[in-house]
Amino acid sequence: MDLPPVHPGPAADQILVLQGDHRSAYVWEGHVLDQTLRARRPDDLWDFLRGRAFHACVVHCLRATGFLKIFEIGRMQLDWSLITELIEWWRPETHIFHLPTGKATITLQDVQVLYGLCVDGLAVALPQYMRAMMHPQYLDLLGQYTGFRPQGEAAVRGGSRISVTAIRQHMEVLHPDITDETEDLHIDRYTRLALFLLFGGVLFPNTSGNLVSLRFLHHLHQLDELPQYS
């Protein structure tokens, strides 16, 4: 018995309104895209962290914040072809993978199981006053929380972002001085810098590849409060 051909695209486009610009549209129309997509990868950051093991005092502090496991997982080998295939099945309108076997999506439980992060807690929100802050004010806040306020070319960046390289270079200076006798204040500052890189370079990277938002500083003020947030 002859079976009718499978329809290559959506049967109805009332919901999938972005289909015209979706990568899958080119594939279904016979324009095979041989270029695989690459995720934003903070390779330099992981290389930096891998070459500088955290002191036990910093490890203890990171464990208390709930983010140590992500540092322990480190860089993972990614399959670019698989990622490209998944993107072609991903629907931004519904935030669901429309797979041949059915629909699937990423849940908070997946995040909790894979990364050990809290998904049931206070909502993460940026205060209104920080949205109106100027670049020098952000740098003052960075200096207050981490003891590091970049000067010269590293401080020229406008808006609410700063170079990841500047943060790494400062951590390189601090790293050899972290010992069992280091004061808690300096341990907290070093921990904030590590988390700052993790937030802006791993969990929420942007397309720049070398800039991290200073707005993440708001959530690094009180390290002992981090586990309370979702």
Side-chain angles (χ1 to χ4, degrees), residues 39-78 114-118 124 135-157 159-229:
R40 300 170 186 169
R41 282 177 61 92
D43 288 341
D44 292 343
L45 174 58
W46 285 127
D47 289 340
F48 169 78
L49 294 175
R50 183 175 56 183
R52 296 158 185 80
F54 290 134
H55 188 275
C57 295
V58 177
V59 171
H60 175 76
C61 199
L62 286 172
R63 180 177 290 109
T65 66
F67 287 94
L68 178 63
K69 184 175 181 179
I70 300 181
F71 284 103
E72 292 176 337
I73 292 174
R75 178 170 56 189
M76 294 179 289
Q77 183 65 40
L78 301 179
L114 294 174
Y115 283 147
L117 297 178
C118 174
V124 177
H135 191 60
Q137 294 173 296
Y138 278 113
L139 295 183
D140 289 341
L141 200 63
L142 178 66
Q144 177 185 344
Y145 290 174
T146 69
F148 171 57
R149 193 188 192 285
Q151 304 293 328
E153 185 176 346
V156 174
R157 298 285 186 180
S160 61
R161 300 190 295 179
I162 187 176
S163 168
V164 171
T165 302
I167 301 294
R168 289 207 311 261
Q169 290 174 345
H170 184 65
M171 290 183 68
E172 286 180 348
V173 175
L174 296 180
H175 187 81
D177 297 330
I178 302 295
T179 67
D180 293 335
E181 307 301 324
T182 303
E183 297 180 6
D184 291 342
L185 172 63
H186 299 299
I187 295 295
D188 287 349
R189 286 177 169 178
Y190 187 91
T191 301
R192 288 191 182 97
L193 288 172
L195 290 173
F196 190 48
L197 289 181
L198 180 71
F199 291 171
V202 178
L203 296 180
F204 308 104
N206 54 52
T207 56
S208 69
N210 191 43
L211 294 177
V212 55
S213 175
L214 288 160
R215 292 180 172 180
F216 291 118
L217 289 172
H218 168 67
H219 307 292
L220 297 178
H221 183 202
Q222 298 293 338
L223 293 177
D224 56 352
E225 295 181 358
L226 277 178
Q228 302 176 23
Y229 284 89

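Computation of the quantities below employed the complete heavy-atom set of this structure, encompassing side-chain atoms and omitting hydrogens, waters and symmetry-equivalent molecules.
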- Task: Among Y229, Y115, F199, find the one that has a ring pair (Phe, Tyr, Trp, His ring centres under 6.0 Å) with F67.
- Result: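 Only one of Y229, Y115, F199 forms a ring pair (Phe, Tyr, Trp, His ring centres under 6.0 Å) with F67, namely F199.
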
For the atom pair [atom1] ([X]) and [atom2] ([Y]), what is the distance rounded to the nearest 0.5 Å?
| X | Y | atom1 | atom2 | value |
| --- | --- | --- | --- | --- |
| T65 | Q222 | OG1 | CD | 13.5 Å |
| R189 | L142 | CZ | CG | 10.5 Å |
| I162 | R149 | CD1 | CZ | 9.5 Å |
| Q144 | D140 | CD | CG | 9.0 Å |
| L139 | F148 | CG | CZ | 9.0 Å |
| T191 | L198 | OG1 | CG | 12.0 Å |

Got [X] and [Y] here, is their nearest side-chain heavy-atom distance under 4.5 Å?
| X | Y | value |
| --- | --- | --- |
| H175 | Y190 | yes |
| F196 | I167 | yes |
| C57 | T182 | no |
| L197 | M171 | yes |
| L117 | I70 | yes |
| R192 | L217 | no |

- Contacts of type ring pair (Phe, Tyr, Trp, His ring centres under 6.0 Å), residue H218, not counting sequence neighbours: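 Not a single residue meets the ring pair (Phe, Tyr, Trp, His ring centres under 6.0 Å) criterion with H218.
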
- ring pair (Phe, Tyr, Trp, His ring centres under 6.0 Å) against H55, all qualifying residues, sequence neighbours excluded: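 Expected list: none.
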
- With ring centroids as reference points, do F216 and F204 lie under 6.0 angstrom apart?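 Centroid separation for F216 and F204: below 6.0 Å.
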
- Task: Can you sort out the partners of E172 under salt bridge (charged side-chain N to carboxylate O under 4.0 Å, His left out), two or more places apart, ordered by chain and number?
- Result: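 Partners of E172 under the salt bridge (charged side-chain N to carboxylate O under 4.0 Å, His left out) test: R52.
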
- Query: What pair of heavy atoms forms the shortest contact from P227 to C118, and how long is it?
  - Reply: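 Where P227 meets C118 most closely, the heavy atoms are O-SG, 4.0 Å.
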
